[in-house]
Amino acid sequence: MIPDTGPFSLDRTLSCGQVFRWEKRGAWWQGVIGREVIRMRQEDRILIFSGAREDTIRDYFQLELDLEEILQSIDRDPVIHGSLERCRGLRIIRQQPWECLASYICATYANIPGIRKKIALLSSSFGEPLTTGSQTAFSFPSADILASSDMCDLARCSLGYRSPYLCETASMITRNPGWAEKIAAASTPEARKELVLFRGVGPKVADCVLLFAFGRYDVFPVDIWITRIMQHWYSLPASAGSEEIAREGRSRFGRYAGYAQEYLFCDREFLMSGIFSRRPKKR
DNA sequence: CGCCAGGCGGGAC
DNA sequence: GTCCCGCATGGC
């Protein structure tokens with residue numbers, strides 16, 4: 001148990017679409033970190049958990065980071081202010097590099113329920129069973145396992161055209177086991193260059209990995225929703241490309257631009273409800 | 001049913 | 001460098 005997490009919403013943090021493997025049953029969230037099957041629930045600022053050491057949980061949610069301070073630093077205009085209110089307590093999780101990279105390769109041009117399904121299938125097909133009392137959970141499959149699996153098997157996980165990308169990247173990772181340390185040691189621009197060398201990894205996936213697995217809170221991943229939000233609420237021209245939007249996000253919100261991005265993304269339904277203008281949307 | 005999804009690779013200029 | 005297109009599958 002962690003008696004005082006500070007400002008924190010377990011629900012928003014686990015359901016906002018940064019991680020895809022947690023499930024809520026009743027009051028309890030169930031999921032896996034590494035090889036540990038974890039159950040958690042929250043009561044006010046108390047976090048109750050089982051299955052892992054407290055260190056693991058504290059690191060996963062980066063509880064030593066002062067959320068109030070971060071949010072204060074990005075609370076720079078009325079739009080983000082509203083999103084900060086509506087998504088209060090969302091924290092950016094520190095994910096494991098390979099799981100994060102693989103997950104976001106699977107996430108390209110898919111919707112969140114679909115992504116969750118792909119990753120669940122991938123885990124139950126290739127992960128290791130982790131038995132815990134009643135039900136069986138699975139570890140996220142290692143790069144080695146995926147690299148040595150027949151691509152036809154991978155394709156059965158509804159990955160579509162992404163399966164060769166995941167397979168090739170898994171193989172690249174297997175041949176380059178020090179990749180994560182190298183990225184962790186590199187500057188953000190250098191790290192980004194390294195990441196886009198992997199198959200299926202473009203600027204957006206690279207930024208998600210930098211933000212969610214390497215703690216580069218200044219990056220600003222741009223997907224279709226962030227594009228719409230920035231165009232509509234921050235009057236960026238419809239012609240603005242992803243790099244331009246990312247630049248604008250970083251300069252507008254500063255060192256924790258990635259946090260701003262997550263709050264806007266989490267709030268996308270509110271921000272875009274009633275915006276019916278069928279915008280070009282396809283570039 | 002049609003339209004859309006936390007984009008990317010590849011080719012055309 | 002920028003633009004444009006196809007993409008395989010499932011959710012809604």
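Lettering follows sequence order; numbering is per chain, from 1.
Atoms CD1 (A/I115) and C1' (C/dT9) sit 12 Å apart, rounded to a whole Å. Counting to the nearest Å, the P atom of B/dA5 and the CD1 atom of A/I112 are 11 Å from each other. To the nearest angstrom, P of C/dA8 lies 13 Å from CG of A/L159. Atom CZ in A/F265 sits about 13 Å away from atom C1' in B/dG7, given to the nearest Å. Separating the CD atom of A/E168 from the P atom of B/dC8 is a distance of 15 Å, rounded to the nearest angstrom. Rounded to an integer number of Å, the gap from CZ of A/F198 to C1' of B/dG7 is 18 Å. The distance between atom CD1 of A/I119 and atom P of C/dT9, rounded to the nearest whole Å, is 17 Å. As a whole-Å value, the separation of A/E243 CD from C/dC3 C1' is 15 Å.
Within the 6.0 Å centre-distance limit, the rings of A/F20 and A/Y104 are counted as a close aromatic pair.
Using a 4.0 Å heavy-atom cutoff across all strands shown, A/E262 reaches at least one base atom of the nucleic acid. No engagement by A/K118 is indicated, since no non-hydrogen atom pair under 4.0 Å with the nucleic acid exists. Residue-level contact check: A/A110 touches the bases, meaning some heavy atom is under 4.0 Å from a base atom. Looking at heavy-atom distances under 4.0 Å, A/G202 makes contact with sugar-phosphate atoms alone, never a base. Residue contacts shown for A/I226 include a base, since a base heavy atom lies under 4.0 Å away. Across all strands, A/V222 comes closer than 4.0 Å to no nucleic acid atom at all (heavy-atom distances).
Nucleotide B/dC1 is matched to nothing when pairs are restricted to Watson-Crick or G-U wobble geometry with both distances under 3.5 angstrom.
In this structure, the nucleotide among B/dG7, C/dT9, B/dG9 sitting nearest to the side chain of A/S158 is C/dT9. Distances were taken from every side-chain heavy atom of A/T108 (C-beta onward) to each of B/dC8, C/dC7, B/dG6; the shortest belongs to B/dC8. Across B/dG9, C/dA8, B/dG6, the shortest atom-to-atom separation from the side chain of A/R199 is found for B/dG9. Checking C/dA8, B/dC4, B/dG6 against every side-chain atom of A/Y109, the shortest atom distance belongs to C/dA8. When distances run from any side-chain atom of A/R228 to the nucleotides B/dG7, B/dC4, B/dC8, the shortest one goes to B/dC4.
Nucleotides C/dC4 and B/dG6, compared at atom P, are 24 Å apart to the nearest Å. When the P atom is used for both B/dG9 and C/dG10, the distance is 22 Å, rounded to whole Å.
The closest donor-acceptor contact from the side chain of A/K118 to the backbone of A/S158 lies under 3.5 Å. Although no hydrogens or angles enter the test, the distance criterion places a donor-acceptor pair under 3.5 Å between the side chain of A/Q18 and the main chain of A/R91.
Heavy atoms from other residues, nucleotides or ligands lying under 6.0 Å from CD of A/E64 number more than 12. Within a 6.0 Å radius of CH2 in A/W233, no more than 12 heavy atoms belonging to other residues, nucleotides or ligands are found.
Proximity of A/R116 to the phosphate of B/dA5: no side-chain N or O atom is located under 4.0 Å from OP1 or OP2.
Counting distance only, with no hydrogens placed and no angle test, the side-chain atoms of A/Y165 and the base atoms of B/dG7 include no donor-acceptor pair under 3.5 Å.
Screening A/R21, A/R35, A/R94 for a salt bridge (Lys or Arg N to Asp or Glu O under 4.0 Å) with A/E99, the sole residue that qualifies is A/R21.
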